[in-house]
Amino acid sequence: MRKLVLLMLFTLILAGCSEEYNYETEGPFIIVTTSPAGPDDYRNFFPRNISIHSDGTLRIYTESFGELIIGKDAPIFVTQLEEEQVETIKELIEKHNFLKLEENLEDPAVMDGGYEYITVVLSDTSKKVGGLNPNHEALSEIIDYVYELVDNDSYNYWRQQVKEYIYERYPD
């Protein structure tokens, strides 16, 4: 009887410690955001967002930054992922205990680089992790995998389209 009580108590403790990942189903469940840093024309610092929905929809888009307003007519790239690719992202998030990661992963020792963030959206909460020049294995593995899902030619074409969009609206 004593062993049974201890086993039940141990099971309850384990169940209470595990994080539940109920991913968002109406919108994206993950958004990877990168942005360059360093000396350059301010119009080139636009955020590069890759959002992925549970149904496999992958969108690449930008948003307003600083004083530059990005309208709804800004270029967006959309593609469809395979179910296995979506599941792999979720597995990576859970493997690295994303909800337990520190939010600020900046590496002040690195002088050149950019900003990298991951936002994971659950049905009842969200968490954003990253910073300037983050040097963190979990963050890097997830970001690298998400970028592997995007065809380089498509990404570069989208990025060029966004640059033209911004330069047309903010010529000086």
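These numbers come from the heavy atoms of this one structure, side chains and all, not from hydrogens, waters or symmetry mates.
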Exercise. Can you measure from OG (Ser35) to CD (Glu63) and round to the nearest 0.5 angstrom?
Key: 9.5 Å
Quiz prompt | Asn97 and Leu101, any side-chain heavy atoms less than 4.5 Å apart | solution = no
Practice problem: Keeping to residues at least two apart or across chains, list the ring pair (Phe, Tyr, Trp, His ring centres under 6.0 Å) pairs with something in residues 118-157. | Solution: Tyr147-Tyr155, Tyr155-Trp158
Practice problem: Share the residues that join Tyr117 in a hydrophobic cluster, the rule being Ile, Leu, Val, Met, Phe, Trp or Tyr side chains under 4.5 Å apart at the heavy-atom level. | Solution: Tyr115, Leu132
Practice problem: Search all heavy atoms of Glu106 against all heavy atoms of Gly131 and return the closest pair with its distance. | Solution: CG-CA, 3.5 Å
Practice problem: State, yes or no, whether a side-chain contact exists between Ile60 and Asn49 at a heavy-atom distance under 4.5 Å. | Solution: no
Exercise. Find out if a path of hydrophobic residues (ILVMFWY) with successive side-chain heavy-atom gaps under 4.5 Å connects Tyr167 to Phe46.
Key: no
Quiz item: Looking only at heavy atoms, what is the nearest atom pair of Glu102 and Val129, with distance?
Solution: O-CG1, 3.3 Å
Practice problem: Please check if Ile50 and Val121 belong to a single hydrophobic cluster, counting links between Ile, Leu, Val, Met, Phe, Trp and Tyr side chain heavy atoms closer than 4.5 Å. | Solution: no
Quiz item: Roughly how far, to the nearest 0.5 Å, is the CG atom of Leu81 from the CG atom of Leu58?
Solution: 5.0 Å
Quiz item: Under 4.5 Å between any side-chain heavy atoms of Leu99 and Ile93, yes or no?
Solution: no
Exercise. Please tell me if the side chains of Glu141 and Leu92 come closer than 4.5 Å, counting only heavy atoms from C-beta onward.
Key: yes
Quiz item: Hey, is the main chain of Asp107 close enough, under 3.5 Å, to the side chain of Asn135 for a donor-acceptor pair?
Solution: no
Self-check item: In one Ile/Leu/Val/Met/Phe/Trp/Tyr side-chain cluster, 4.5 Å: Ile30, Phe98
Solution: yes
Quiz item: Heavy atoms, side chains only, cut-off 4.5 Å: are Glu84 and Glu87 in contact?
Solution: no
Practice problem: Any salt bridge (charged side-chain N to carboxylate O under 4.0 Å, His left out) involving residues 160-172? Give me the pairs, sequence neighbours left out, ordered by first then second residue. | Solution: Asp73-Arg169
Self-check item: Straight-line distance of Glu20 CD to Ser123 OG, nearest 0.5 Å
Solution: 8.5 Å
Quiz item: Is there side-chain contact between Tyr165 and Thr62, with at least one heavy-atom pair below 4.5 Å?
Solution: no
Self-check item: Enclosure of Gln80 CD (heavy-atom neighbours >12, cutoff 6.0 Å)
Solution: yes
Quiz prompt | Minimum-distance pair of heavy atoms, taken over all atoms of Thr33 and Pro47 | solution = CG2-CB, 4.1 Å
Practice problem: Grab the two heavy atoms, one from Asn44 and one from Pro36, that are nearest each other, plus how far apart they are. | Solution: O-CG, 3.4 Å
Exercise. Flag this pair as yes if the NZ/CZ of Lys90 is under 6.0 angstrom from the six-membered ring centre of Tyr21 and inside a 45 degree cone about the axis; otherwise no.
Key: no
Self-check item: Shortest non-hydrogen contact between Glu103 and Lys127, atoms and distance
Solution: CG-CE, 3.8 Å
Quiz item: Under the 4.5 Å side-chain heavy-atom rule for ILVMFWY, direct or indirect, which residues accompany Val78?
Solution: Ile31, Tyr61, Ile76
Quiz prompt | Val162 versus Pro75, closest heavy-atom pair with distance | solution = N-CG, 3.9 Å
Quiz item: Which salt bridge (charged side-chain N to carboxylate O under 4.0 Å, His left out) pairs, counting each pair once, include a residue from residues 29-43, with sequence neighbours left out?
Solution: Asp41-Arg43
Quiz item: Roughly how far, to the nearest 0.5 Å, is the CG atom of Leu149 from the OG1 atom of Thr79?
Solution: 9.5 Å
Quiz item: Which value, rounded to the nearest 0.5 Å, describes the distance between Glu116 atom CD and Ile142 atom CD1?
Solution: 11.5 Å
Practice problem: Using the test side-chain contact (heavy atoms from CB on, under 4.5 Å), find all partners of Asp124 that sit at least two apart in sequence or belong to another chain. | Solution: Leu122
Quiz prompt | Pairwise side-chain contact, His53 with Arg59, heavy-atom cut-off 4.5 Å (strictly under) | solution = yes
Quiz item: Which of parallel (below 30°), tilted (30 to 60°) and perpendicular (above 60°) describes Tyr23 and Phe29?
Solution: perpendicular
Self-check item: Distance in Å, Ser64 OG paired with Ile70 CD1, rounded so as to fall on 0.5 Å steps
Solution: 5.5 Å
Practice problem: Taking the side chain as every heavy atom from C-beta outward, state whether Ile52 and Val146 have any atom pair closer than 4.5 Å. | Solution: yes
